[in-house]
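Residues: numbered from 1 along the sequence shown.
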Amino acid sequence: MPILAHEREDPVKILEIGEAIPNIELTDHNGDAFNLESAHGKVVVISFMYTKCPDVCPLQTTKMRQTQELIEDTYEGDVVFVSISFDVADTPEILKAYALYHQADLTSWKFLGSQDEHEIKDIVESFGITYDESVEGLFSHGMFMYLLDTDLRINKLYLGTFLDPIEVTNDISELLPSPPDLTISIIAVILAGIAIVGLIVFFKRKK
């Protein structure tokens with residue numbers, strides 16, 4: 001039987017570069033189960049938040065949205081954004097409203113949570129993130145974010161409040177195949193066309 005968060009005897013440890021992340025299953029903003037293993041083969045950006053947060057979480061979410069906007073045309077379908085709420089008051093309906101308010105593209109961004117306090121605390125702490133309710137409805141919490149490679153191993157850690165969307169976009173691009181260069185493609189088409197015309201002229205002269 002797994003040790004639940006309220007029974008933990010081992011200290012919470014931040015995961016390190018190269019480590020595989022724990023496979024988790026939580027409920028998303030649509031009320032559907034989401035298993036992190038389903039993102040295998042894609043690059044994943046994971047953050048931790050709660051919707052009532054008055055300052056750092058909205059800032060982090062905004063920076064993630066900016067990152068999503070930067071990469072969506074180039075790597076559409078290859079990157080999954082995941083925001084995990086540790087507040088059991090964040091139901092799927094609340095998470096979805098929060099996501100829409102922040103203009104998140106929900107085709108590639110999952111907002112996850114649980115109404116089981118022990119389950120969510122155990123999952124969040126398994127990532128090395130700690131949090132405590134400091135005032136009613138408000139939490140003090142860590143702001144680490146993880147960038148996972150296509151094997152769901154940690155490639156990089158960020159501090160959410162200082163997240164640079166351009167830096168994250170560059171880090172993501174290093175984990176995915178480079179998109180075809182449009183200029184090279186156009187040149188290739190032109191050269192192919194010239195070659196075909198040359199062959200036609202050659203065979204006409206032979207006749």
Side-chain angles (χ1 to χ4, degrees), residues 2-8 12-15 21-39 42-69 79-148 152 154 156-163 165 168:
I3 299 175
L4 295 177
H6 62 298
E7 300 171 333
R8 293 185 76 100
V12 173
K13 171 180 169 291
I14 295 175
L15 301 182
I21 50 90
N23 185 29
I24 64 169
E25 184 172 305
L26 288 168
T27 303
D28 71 9
H29 53 270
N30 290 319
D32 300 322
F34 176 78
N35 190 313
L36 203 52
E37 185 63 33
S38 66
K42 300 182 180 183
V43 171
V44 183
V45 182
I46 300 181
S47 69
F48 302 85
M49 43 70 72
Y50 70 108
T51 63
K52 292 178 184 176
C53 181
D55 39 46
V56 291
C57 295
L59 176 60
Q60 175 181 263
T61 302
T62 296
K63 291 184 175 184
M64 285 184 70
R65 175 180 56 78
Q66 292 169 345
T67 304
Q68 187 184 46
E69 290 173 349
V79 183
V80 178
F81 293 84
V82 175
S83 292
I84 300 175
S85 172
F86 43 76
D87 187 353
V88 293
D90 283 339
T91 62
E93 295 78 14
I94 291 174
L95 288 172
K96 188 165 189 176
Y98 178 87
L100 294 175
Y101 176 80
H102 286 279
Q103 301 178 344
D105 181 354
L106 295 178
T107 59
S108 60
W109 195 337
K110 296 289 185 180
F111 286 78
L112 307 178
S114 171
Q115 276 59 69
D116 183 329
E117 182 178 354
H118 296 151
E119 176 187 45
I120 193 63
K121 193 171 183 66
D122 195 46
I123 286 175
V124 172
E125 289 189 349
S126 71
F127 281 89
I129 305 296
T130 59
Y131 64 93
D132 290 292
E133 189 167 3
S134 55
V135 185
E136 186 174 354
L138 298 179
F139 293 82
S140 58
H141 58 93
M143 290 296 295
F144 283 107
M145 295 174 56
Y146 291 105
L147 175 66
L148 310 182
L152 300 182
I154 298 167
K156 195 165 183 179
L157 276 71
Y158 306 101
L159 190 59
T161 47
F162 296 102
L163 190 71
V168 181

Assess whether atom OH of Y131 is packed by more than 12 heavy atoms of other residues, nucleotides or ligands within 6.0 Å.
yes
D132 side chain reached by F139 side chain, heavy atoms, under 4.5 Å:
no
What orientation do F111 and Y98 show, parallel under 30°, tilted 30 to 60°, or perpendicular over 60°?
perpendicular
Working to the nearest 0.5 angstrom, can you tell me the gap between L59 CG and M64 CE?
12.0 Å
Closest heavy-atom pair and its distance - P92, Q115:
CD-OE1, 4.1 Å
Scanning both residues in full, the closest heavy-atom pair of L36 with P22 reads CD2-O, 4.1 Å
With under 30° as parallel and over 60° as perpendicular, where do the rings of F81 and W109 fit, or are they tilted in between?
tilted
Roughly how far apart are I120 CD1 and L26 CG, rounded to 0.5 Å?
4.5 Å
State which residue, out of T27, V82, D90, fulfils the side chain to side chain contact (heavy atoms under 4.5 Å, CB included) condition with L112.
V82
To the closest 0.5 Å, what do you measure between CZ (F127) and CZ (F48)?
5.0 Å
Electrostatic pair E117:K121 at N-O distance under 4.0 angstrom
no
Taking salt bridge (charged side-chain N to carboxylate O under 4.0 Å, His left out) as the definition, give me every residue that meets it alongside K42, ordered by chain and number, with sequence neighbours left out.
none
Between the OG atom in S85 and the NE2 atom in H29, the distance rounded to the nearest 0.5 Å is 14.0 Å
To the nearest 0.5 Å, what is the distance between CG on L163 and CE on M145?
4.5 Å
With under 30° as parallel and over 60° as perpendicular, where do the rings of Y50 and H141 fit, or are they tilted in between?
perpendicular
Minimum heavy-atom separation for S126 and L15, please, with both atom names.
O-CD2, 3.7 Å
The side chain to side chain contact (heavy atoms under 4.5 Å, CB included) partner of V124 among I24, T130, I84 is I84
In the structure I gave you, are the side-chain heavy atoms of L148 and I154 within less than 4.5 Å of one another anywhere?
yes
Testing the basics here: between Q60 and M143, what is the closest heavy-atom pair and its distance to 0.1 Å?
OE1-CE, 3.2 Å
Provide the closest heavy-atom pair for I129 versus G142 in the form atom of the first, atom of the second, distance.
CG2-O, 4.1 Å
Who pairs with A89 by side-chain contact (heavy atoms from CB on, under 4.5 Å), at least two apart in sequence or on another chain?
K52, D87
A side-chain contact here means heavy atoms from C-beta on lying under 4.5 Å apart; do L95 and D28 qualify?
no
What closest approach, in Å, do K63 and P165 show between heavy atoms, and which atom pair accounts for it?
O-CG, 3.7 Å
Measure the shortest side-chain to side-chain distance between I123 and S114 over non-hydrogen atoms and say whether it is less than 4.5 angstrom.
no
